[in-house]
Amino acid sequence: MKIASWNVNSVRARLDRVLGWLAAANPDVACLQETKVVDADFPFDAFRAAGWHVAVHGQKTYNGVAIVAREEPTDVVRGMGDGDPDAEARLIAATVAGVRLVDVYVPNGQEVGSPKYAYKLRWLARLRAFLDSNCKVEQPLVVCGDFNIAPDDRDVWDVEKWRGQCLFSDAEKEALRHVAAFGLADALRLRHAEAGLFTWWDYRMGAFHRGWGLRIDHFLVTPSVAARLRSVTIDREARKGEQPSDHAPVVLELD
DNA sequence: ATGGCTACTCCTAGTAGA
């Protein structure tokens with residue numbers, strides 16, 4: 001089974017590239033983030049024509065998540081359902097081929113100490129509560145997406161530059177560890193220990209070409225998924241060429 | 001020193017991303 005996660009930075013602006021990548025990589029399921037479109041305007045027809053089922057949770061202009069699969073996703077849940085008054089479309093969950101998928105687009109946080117940073121930390125605490133209430137560590141569970149947090153020194157291109165900055169601050173790393181403490185492992189680190197495995201590069205300053213990236217897109221998996229883990233790969237090729245997303249897809253293969 | 005790109009929107013200039 002092949003599961004992909006990709007922040008596409010607008011599914012409409014990127015439609016041809018997204019469909020082209022899906023056709024070539026041919027995952028069983030892909031979790032997309034930053035679709036940036038209300039559900040009514042999602043390009044369902046183009047996906048259906050290419051043989052994909054799609055479950056979406058979107059909003060105008062910002063955020064938005066979608067699960068795209070060869071089989072119909074079941075038991076779809078949109079949002080954390082915890083009564084928090086915010087209406088940001090940042091989480092969708094569904095089951096595909098017996099695996100429970102939680103697709104997340106964690107808030108960026110903007111700047112350490114800002115209101116958006118506080119919102120990010122609060123959102124991550126809510127995500128842990130969502131897992132506690134809706135999932136079990138004994139089940140095949142994959143929590144994946146754009147976490148907007150680089151977990152450790154290996155995951156930033158310049159440790160000194162990034163130390164204490166938003167995306168790499170201690171409180172963010174601790175909030176991510178608390179999510180994982182539900183009983184989830186960072187799948188990439190189960191297979192690769194080396195530094196410099198990045199998933200995002202700034203559009204500016206030729207960052208991709210210069211290797212100035214961060215690893216902020218993750219697959220967190222329960223033990224039953226880890227036991228089936230064959231490979232975790234970052235498709236850097238998808239960051240190249242005309243009008244790329246600023247994120248590369250990450251692909252998990254299970255036995 | 002700053003910003004350097006991209007996508008979005010009933011403000012095509014201002015906001016947001018990371």
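Chain letters run A, B, ... following the sequence lines, proteins first, then strands; residues in each count from 1.
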note: A:Tyr62, atom OH; B:dA16, atom P; distance rounded to Å ~ 5 Å
Should A:Asp28 and A:Arg70 count as an ion pair when the cut-off is N to O under 4.0 Å?
-> no
Nearest-Å distance for atom pair NZ/P, residues A:Lys120 and B:dA16 = 16 Å
Residue A:Tyr105, side-chain heavy atoms: nucleotide from B:dA16, B:dA7, B:dG17 that is nearest | B:dG17
Note: for A:Arg204 and A:Thr35 on DNA chain B, the residue whose nearest nucleotide lies more 5' is A:Arg204
Could A:Lys240 and A:Phe208 be counted as a cation-pi pair, given that NZ or CZ must be under 6.0 Å from the ring centre and within 45° of the axis?
-> no
Taking the side chain of A:Lys116 as heavy atoms from C-beta outward, which of B:dT9, B:dA7, B:dG17 is closest to it?
-> B:dG17
Same cluster or not: are A:Phe47 and A:Val76 linked, directly or through other Ile, Leu, Val, Met, Phe, Trp or Tyr residues, by side-chain heavy atoms under 4.5 angstrom apart?
-> no
In whole angstrom, give the distance that lies between atom CH2 of A:Trp201 and atom C1' of B:dG17.
-> 17 Å
Of the candidate nucleotides B:dG17, B:dT9, B:dT6, which contains the atom at the shortest distance from the side chain of A:Arg12?
-> B:dT9
Mind calculating the distance between CG (A:Leu15) and P (B:dA7) to the nearest angstrom?
-> 13 Å
For the side chain of A:Ser10, counting heavy atoms from C-beta on, which of B:dA16, B:dG17, B:dA7 is nearest?
-> B:dA7
For A:Glu242, does the CD atom sit with more than 12 other heavy atoms under 6.0 Å from it, leaving out its own atoms?
-> no
Hydrophobic cluster membership, A:Ile234 vs A:Val156, 4.5 Å side-chain cutoff | no
Find which nucleotide of DNA chain B each of A:Tyr203 and A:Glu34 is nearest to by heavy atoms, and output the residue with the more 5' nucleotide.
-> A:Tyr203
Expected list for residues 143-159 of chain A near DNA chain B, using heavy atoms below 4.0 Å, is A:Asp146, A:Asn148
Nearest-angstrom distance from the residue atom CD of A:Gln59 to P of B:dA16 = 12 Å
P spacing across the pair B:dT15 / B:dG4, given as an integer number of angstrom | 15 Å
From A:Asn9, A:Asp103, A:Asp146, A:Asn63, residue fulfilling side chain to side chain donor-acceptor pair (under 3.5 Å) relative to A:Gln33 = A:Asp103
Identify the residue among A:Trp201, A:Trp212, A:Trp200 that makes a ring pair (Phe, Tyr, Trp, His ring centres under 6.0 Å) with A:Trp157.
-> A:Trp212
Gap in Å between the two P atoms, one belonging to B:dC11 and one to B:dA16, rounded | 15 Å
Rounded to whole Å, CD of A:Glu242 lies from P of B:dC5 at a distance of 15 Å
In numerical order, the residues of residues 205-221 of chain A whose heavy atoms come under 4.0 Å of DNA chain B are A:Met205, A:Ile216
Sticking with atom P, work out how far B:dC10 lies from B:dT6, rounded to a whole angstrom.
-> 23 Å
Below 4.0 Å: OP1/OP2 of B:dG17 and any side-chain N or O of A:Lys36 = no
Can you find a side-chain donor-acceptor pair between A:Ser169 and A:Tyr117 that sits under 3.5 Å?
-> yes
Taking atom C1' in both B:dC8 and B:dT12, compute the distance separating them and give it to the nearest angstrom.
-> 11 Å
To the nearest angstrom, how far is A:Gln110 atom CD from B:dG14 atom P?
-> 17 Å
When you measure from the side chain of A:His247 to the backbone N and O of A:Ile216, does any donor-acceptor pair fall under 3.5 Å?
-> no
Are A:Leu188 and A:Val179 joined in one hydrophobic group, where the rule is that I, L, V, M, F, W and Y side chains link up if heavy atoms are under 4.5 Å apart?
-> no
Taking atom C1' of B:dG17 as reference, at what distance in whole Å does atom CD of A:Glu111 sit?
-> 14 Å
What integer number of Å spans the P atoms of B:dT9 and B:dG3?
-> 26 Å
